[in-house]
Amino acid sequence: MNEIDLWIMTGVIFTPAVFALLLLLPIFGKGREELMRYTALVGTFITLLLTILLFIDFLGMMDQFLPTGHVEKTHLGYRMDQAAVQDAEARKPYDRDLTARVRWIERFNIDYALGVDGISMALLLLTALLSFLALIASWNIEHNLKGYLILYLILETGMLGTFLALDFFLFYIFWEVMLLPMYFLIGIWGGPRREYAAIKFFLYTLLGSVFILIAILGFYFKDLTTFEEHLKNEMTQAKAAADAAQAGPNDPLRRQAEAAELEWKAVHALVAREKTSAEAPVNTFDIFLLHKLGRESSKLLARVDEAERNFAKALEATGTDAADEVRQAREAVDAARAAVEKNKDWLFSRDFQMVMFLLLFIGFAIKVPMVPFHTWLPDAHVEAPTPISMILAGVLLKMGGYGILRIAYPICPLAAYELAWYLGLFGVISIVYGAFAAMAQTDFKKLVAYSSVSHMGYVILGIAVWTTLDRSSFWSWGMNGAMYQMLAHGISSAGMFFMVGVIYDRAHHRDLNRFGGLNNAMPVYSALSAVIFFAALGLPGLCGFVGEFFTILGTWNFSMVFAVLAALTVVITAAYILWTLQRVYLGSNPAYEGYPDINARELLVAIPLVILAVVMGVYPSLILYWMEPSVTGLVRSLASIFGS
């Protein structure tokens with residue numbers, strides 16, 4: 001399947017790895033450090049250009065379908081199903097559907113499957129940009145430069161691959177590829193306690209990876225053989241409902257029936273491809289097929305719950321028709337339970353979903369990080385070199401949020417729905433705890449690290465505020481707020497760590513109580529720092545405000561207590577950031593009077609981040625236009641499981 005988008009997405013992932021291999025050539029020997037730097041920089045720049053090219057293709061697809069009202073055709077699951085059907089029917093695939101699948105390890109049904117939607121596209125752009133800027137920030141790295149650059153480029157490949165992979169096995173490989181480079185980048189090029197911080201990071205992340213691996217195996221060993229029959233029945237019912245309503249081609253019922261037919265055809269193609277004998281089970285690592293299994297399992301279990309509630313009401317009914325109501329309700333319960341029993345080979349039971357969801361959620365929450373799994377983060381940030389802190393805060397933390405959105409919630413929706421309040425509670429705890437912990441710090445870097453715990457708490461809260469279909473717009477606000485918060489925090493946190501690194505290179509300490517008066521010696525640096533820190537504060541007109549506002553707005557209709565606590569924490573955030581600005585930049589301190597202002601190389605890193613912080617604050621629709629349909633599509637798909 002020689003699709004153009006296959007090569008573009010593959011190029012985005014592996015261009016950094018190719019340049020890492022180039023650095024192994026003998027030409028890059030001792031004394032050629034400047035050539036090494038520029039070679040690695042070219043690699044990250046080409047990756048950024050390829051990512052922008054992919055984004056242009058993505059915008060073209062969005063512009064093709066959004067004006068016609070066919071927003072469902074932009075959803076990644078729909079495009080994956082369409083591509084699977086085209087492949088099964090030996091039709092030429094559409095080169096610009098931004099999905100690709102190549103058989104890889106056929107014995108275990110593992111595919112090299114890639115795809116992009118609004119959720120992953122936003123994070124790809126963030127990753128490619130920050131990787132380029134952080135490499136410029138790495139220019140003063142001198143110790144074992146070749147090893148640093150090779151590990152850095154491999155790390156970028158792992159991050160980009162994670163956002164593009166649609167096969168769970170492939171996703172896990174890229175997820176693990178990030179672990180070792182980051183361990184060595186902290187452990188070799190970090191601060192005085194670098195070994196301790198690196199080992200702590202490694203152990204925490206490895207524990208989360210083991211949890212995710214257990215969940216992957218649990219999903220894989222479900223037999224999909226009879227799932228095709230279930231989807232065929234659902235399709236038949238959807239078509240019958242559309243025909244009965246005499247629905248036209250653009251009627252929602254007709255579109256629902258067409259989508260159900262496409263899903264069935266895609267799964268039918270998969271089962272036909274993988275079924276080697278009548279007795280052989282059909283297993284999969286396909287993330288979007290697992291989405292379907294989770295959704296349909298939760299629907300069947302929800303029907304049992306609804307039937308049992310109706311039966312309980314019927315038992316309390318009085319009147320001449322009470323006996324018939326009880327009989328009909330009893331029959332409905334029996335039918336719902338029989339459907340669950342019939343599909344037990346592939347069905348994700350309530351207990352199974354609870355266990356798998358907790359494994360996945362903890363694995364991803366460690367990366368976010370969410371309280372109480374956050375303790376590795378301050379040590380890692382404090383000891384990591386400045387550019388690695390930028391990548392750690394700007395990208396790696398977002399991979400936890402992405403995993404929850406892409407994998408944990410869609411595959412185990414029943415567990416996510418039933419645990420929503422508790423997840424929201426942990427989000428609020430992270431918000432409040434992180435803010436107070438940041439206020440207590442005297443180490444500049446540690447303050448920024450704890451602020452990340454607080455800001456990423458808004459991401460957990462926005463994802464958690466699950467509502468029913470008739471109120472899904474509120475959850476959509478929360479989800480879109482969570483996504484926007486990830487992007488905004490990626491910009492502001494990377495900027496804050498870079499600004500801390502700029503002054504550390506001059507002062508060689510990070511003690512907030514020893515600073516003061518930097519604005520007098522470094523006015524340009526101080527002005528740029530103020531914009532970045534105010535963006536993190538959530539000042540209206542800057543990027544941090546939009547995500548937090550949407551999250552609090554969506555939370556209000558889920559829990560007013562959570563919303564009030566999240567809103568009040570903004571005051572604490574303002575307090576520690578303003579106090580930090582006062583201690584570092586205002587006043588006077590003769591010790592810093594001769595410090596040189598920010599230089600040209602440092603401006604190349606800082607100015608794009610400042611511009612993005614402003615643009616994302618004053619014109620959020622620039623991003624929401626193409627990101628929101630994917631997020632809202634996910635929300636409506638999950639909310640519809642439990643009806644209105």
Side-chain angles (χ1 to χ4, degrees), residues 219 222-247 252-268 271 281-282 289-357 410-419 466 468-470 472 636-644:
F219 296 133
K222 287 289 184 178
D223 185 1
L224 276 64
T225 304
T226 59
F227 185 55
E228 172 198 358
E229 181 185 347
H230 169 79
L231 286 183
K232 188 174 183 179
N233 293 335
E234 293 291 309
M235 174 194 70
T236 303
Q237 293 175 19
K239 280 187 171 182
D243 293 339
Q246 297 181 338
L253 283 176
R254 183 62 63 190
R255 288 190 186 181
Q256 185 178 352
E258 291 173 353
E261 182 177 12
L262 182 65
E263 278 195 354
W264 169 72
K265 286 182 176 179
V267 174
H268 173 75
V271 173
V282 177
L289 183 50
L290 292 173
H291 286 191
K292 296 179 180 66
L293 288 164
R295 183 196 66 209
E296 295 302 317
S297 298
S298 298
K299 280 184 178 179
L300 291 176
L301 295 170
R303 288 170 189 168
V304 172
D305 292 341
E306 184 180 9
E308 290 176 346
R309 285 194 299 268
N310 292 337
F311 179 65
K313 290 179 181 178
L315 291 175
E316 298 173 358
T318 57
T320 56
D321 298 331
D324 288 338
E325 290 180 13
V326 170
R327 178 180 54 79
Q328 292 172 3
R330 179 73 259 178
E331 290 174 354
V333 170
D334 292 340
R337 289 176 176 172
V340 169
E341 180 64 24
K342 177 183 177 183
N343 296 291
K344 64 182 180 180
D345 288 342
W346 59 264
L347 186 129
F348 297 168
S349 68
R350 175 178 269 100
D351 291 342
F352 179 83
Q353 285 199 46
M354 284 290 183
V355 173
M356 295 298 107
F357 179 79
I411 297 180
C412 301
L414 180 65
Y417 178 71
E418 294 188 352
L419 296 174
W466 189 314
T468 50
L469 185 60
D470 60 328
S472 63
R636 293 193 64 82
S637 172
L638 293 174
S640 65
I641 292 173
F642 303 100
S644 59

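A quick note: this is a predicted structure, and the numbers were derived from the prediction, not measured.
- Looking at Ile641 and Tyr417, their side chains never come closer than 4.5 Å, going by heavy atoms from C-beta outward.
- Between Ser640 atom OG and Gln256 atom CD the span is 8.0 Å, to the nearest 0.5 Å.
- Ring geometry, Phe352 versus Phe219: the interplanar angle exceeds 60°, so the pair is classed perpendicular (tilted spans 30 to 60°).
- Using a 4.5 Å cut-off on side-chain heavy atoms (C-beta onward), Val267 and Glu263 make no contact.
- Between Arg327 and Glu331 a salt bridge is recorded (basic side-chain N to carboxylate O distance below 4.0 Å).
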If you apply the rule side-chain contact (heavy atoms from CB on, under 4.5 Å), what do you find for Lys342 with Glu229, and how did you get there? CA-CA 11 Å; Lys342 177 183 177 183; Glu229 181 185 347; 3.5 Å; yes
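- Ion pairing of Lys239 with Glu258 is absent here, as no side-chain N (NZ or NE/NH1/NH2) approaches a carboxylate O to less than 4.0 Å.
- You'll find the side chain of Leu300 stays beyond 4.5 Å of the side chain of Arg295, heavy atoms only.
- Taking all atoms of both residues into account, the shortest heavy-atom contact from Val304 to Arg337 is CG2-N, 4.0 Å.
- Remark: side-chain polar atoms of Ser298 are paired, donor with acceptor, to backbone N or O of Leu414 under 3.5 angstrom.
- Checked for salt-bridge contact, Glu308 and Arg330 miss the test: no charged N lies under 4.0 Å from a carboxylate O.
- Expressed to the nearest 0.5 Å, how far OG of Ser349 lies from CE of Met356 amounts to 9.5 Å.
- Remark: Lys344 does not engage Asp223 in a salt bridge, criterion side-chain N to carboxylate O under 4.0 Å.
- Rounding to the nearest 0.5 Å gives a distance of 4.5 Å between CG of Leu224 and CG of Leu293.
- Ser297 and Leu347 get closest at one heavy-atom pair: OG-CA, 3.5 Å.
- Between Thr225 and Asp345 the shortest side-chain heavy-atom distance does not fall below 4.5 Å.
- One finds the CE atom of Met354 at 4.0 Å from the CD atom of Glu418 (value rounded to the nearest 0.5 Å).
- In this structure, Trp346 and His230 have side chains that are in contact, with non-hydrogen atoms separated by less than 4.5 Å.
- Contact detail for Arg350 and Leu301: the closest heavy-atom pair is N-CD1, 3.6 Å.
- A salt bridge links Arg303 to Glu234: at least one charged side-chain nitrogen sits closer than 4.0 Å to a carboxylate oxygen.
- Side-chain contact between Glu296 and Leu231: present, with at least one pair of heavy atoms (C-beta onward) separated by less than 4.5 Å.
- Taken from CG in Leu253 to CG in Asp243, the straight-line distance is 10.0 Å, to the nearest 0.5 Å.
- Taking CD from Glu261 and NZ from Lys265, the interatomic distance works out to 4.5 Å, rounded to the nearest 0.5 Å.
- The local environment of NZ in Lys299 is crowded, with over 12 non-hydrogen atoms from other residues, nucleotides or ligands closer than 6.0 Å.
- With Pro413 as the partner, the side chain to side chain contact (heavy atoms under 4.5 Å, CB included) test is satisfied by one option alone out of Trp466, Phe357, Phe348: Trp466.
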